[in-house]
2 protein chains.
Amino acid sequence: MVGGMQSRTPASRATGRPRSATADAAILAATREALVELGWSKLTLGDVATRAGVAKTTLYRRWAGKNELVVDAVAELFDELEIPNRGSLAADIEGVVLQFAAILARPEARSGLMAVIAESTRDDALRERIRTSIVERQKRLVLEGRTRAQARGELPPESDPTAVDLIFDVVAGAVVHRTLVSAEPADEQWVRAFTRLLLVGLGGAAG
Amino acid sequence: MVGGMQSRTPASRATGRPRSATADAAILAATREALVELGWSKLTLGDVATRAGVAKTTLYRRWAGKNELVVDAVAELFDELEIPNRGSLAADIEGVVLQFAAILARPEARSGLMAVIAESTRDDALRERIRTSIVERQKRLVLEGRTRAQARGELPPESDPTAVDLIFDVVAGAVVHRTLVSAEPADEQWVRAFTRLLLVGLGGAAG
DNA sequence: GCAGTTACGCTACGGGTCGTAGCGAAAGAT
DNA sequence: ATCTTTCGCTACGACCCGTAGCGTAACTGC
């Protein structure tokens, strides 16, 4: 579960009919299904409610609108992200980038993620929701990978705390740009070349 | 001008009343103005027409819909992009990245660009329009910068033609992710750190 | 059990936007 | 002057939005 949806009131009351967890799951699944079939712009909340088998009003009791709903629906796709321990920094990077690319290859992520990010440029609350439920989880992987590499002696202990932010923007940005803007797959070959570039830079001997 | 709007028919006829170029410019300017004030989702074509002082029908004769209109309106922002010749590869990179960041800092670019990219994941024609009128122009800068660096002897002559694509995705992706997802400014300090990372990689001695 | 409280499904509604059609007038080309 | 195309304007059905109101269902505490 994501944890980003509306809490019912101040501190969840223990009285009255409880909200159906089944309905939550059905709505989020229906949202992803609609994203695949219709894309962001043609997705309507009425249609999602019908697909999920719930009333439109039920949907509006949980989510404020299309933006929040899609953020939660897409966020679940990132639950599976984990950084593998493959023994070397290069292998670790390749592993996590491939996982990230696999998620972005799915149509429900492609059409949904960019759209909510676009909306978040004018909605601070939405941006925060995206940050906590999607971006932070990714960034944690970068931190883990670097800590591991430092323990192995592959990287010097870093003093600058903003270095992680930079690396994260480079890694995530490159994969997103490759898959969504250039519209080319981030396959193993590309990931290897990218990892090499990230490790040794432009100055490194070219392949 | 962008050159991406609808040609009137097969080969532009020379008879009848010609289309008003003034109207074109007014519509595109009004679109950017509406993007700033309303953002993508609340922007309506009727409102744009009113702002531009033209009839709604006039707008529909030129653009098929919101997507195409915004692409053209945003594309004009990238007309000013040029790679400066600063004498070294590092300085060249810093210069072009700062220019790119300056464009992405403008609200009409932030809210518009990501939205049309999101839409392009389900619309090949739109993606192609974005590619030719926005992306390719950026990529040309990367090519120029690399050619220049090779002439200076800073980079070895590259055999792999896909290397440019990779570098482009990394540079553009990092800047976009920094400004739109992390929502932090790509200022001089960040650009310097990024350029260093791009040149020497993670293995390079840390600051 | 029984009352109290909340969630649910359903229907209906005003308000807004979409994209198009139809009209007469305007602006050029020949 | 005539022909062709664009322009501004109005009007229209279709769709989606977000909410209100109602009766019913589910769960809690007495």
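Chain letters run A, B, ... following the sequence lines, proteins first and then strands; every chain starts at 1. These numbers come from the heavy atoms of this one structure, side chains and all, not from hydrogens, waters or symmetry mates.
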Without decimals, in angstroms, what is the distance between [X] [atom1] and [N] [atom2]?
X: B:Trp63; N: C:dC18; atom1: CH2; atom2: C1'; result: 18 Å
X: B:Arg19; N: C:dG28; atom1: CZ; atom2: P; result: 15 Å
X: A:Glu68; N: D:dG18; atom1: CD; atom2: C1'; result: 13 Å
X: B:Leu45; N: C:dG16; atom1: CG; atom2: P; result: 17 Å
X: B:Arg17; N: D:dT4; atom1: CZ; atom2: C1'; result: 12 Å
X: B:Leu59; N: C:dT20; atom1: CG; atom2: P; result: 12 Å
X: B:Arg62; N: C:dG19; atom1: CZ; atom2: C1'; result: 17 Å
X: A:Tyr60; N: C:dG9; atom1: OH; atom2: C1'; result: 16 Å

Strand contacts (DNA chain C) in residues 33-42 of chain B, 4.0 angstrom heavy-atom criterion: none
DNA chain C contacts made by residues 111-123 of chain B, counting heavy atoms under 4.0 Å: none
Other residues, nucleotides, ligands: >12 heavy atoms within 6.0 Å of A:Glu82 CD: no
Does [X] come within less than 4.0 Å of [Y], counting only side-chain N to carboxylate O?
X: A:Arg152; Y: A:Asp92; result: yes
X: B:Glu119; Y: B:Lys66; result: no
X: B:Asp24; Y: B:Arg19; result: no
X: B:Glu136; Y: B:Arg140; result: no

Selection residues 175-192 of chain B - residue pairs positive for salt bridge (charged side-chain N to carboxylate O under 4.0 Å, His left out), sequence neighbours left out: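 For residues 175-192 of chain B: B:Glu188-B:Arg192.
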Minimum-distance nucleotide (side-chain atoms of B:Thr15 versus C:dT20, D:dT4, D:dC7):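 For B:Thr15, the side-chain atoms sit closest to D:dT4.
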Closest to side chain of A:Arg61, choosing from C:dG9, D:dC7, C:dT20: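 Output: C:dG9.
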Heavy-atom check, side chain of [X] versus side chain of [Y], under 4.5 Å:
X: B:Val171; Y: B:Phe194; value: yes
X: B:Val74; Y: B:Phe78; value: yes
X: B:Val71; Y: B:Asn67; value: no

side-chain hydrogen bond (donor to acceptor under 3.5 Å, both in side chains) involving A:Arg122 - partner list, sequence neighbours excluded: none
Positions of residues 47-58 of chain B (non-hydrogen atom under 4.0 Å from DNA chain D), listed by number: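 Of all residues in residues 47-58 of chain B, the ones placing a heavy atom under 4.0 Å from DNA chain D are B:Gly53, B:Val54, B:Ala55, B:Thr57, B:Thr58.
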Contact list for residues 162-175 of chain A, test side chain to side chain donor-acceptor pair (under 3.5 Å), sequence neighbours left out: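 Listed by first then second residue: A:Lys139-A:Asp165, A:Asp160-A:Thr162, A:Asp169-B:His177, A:Asp169-B:Ser182.
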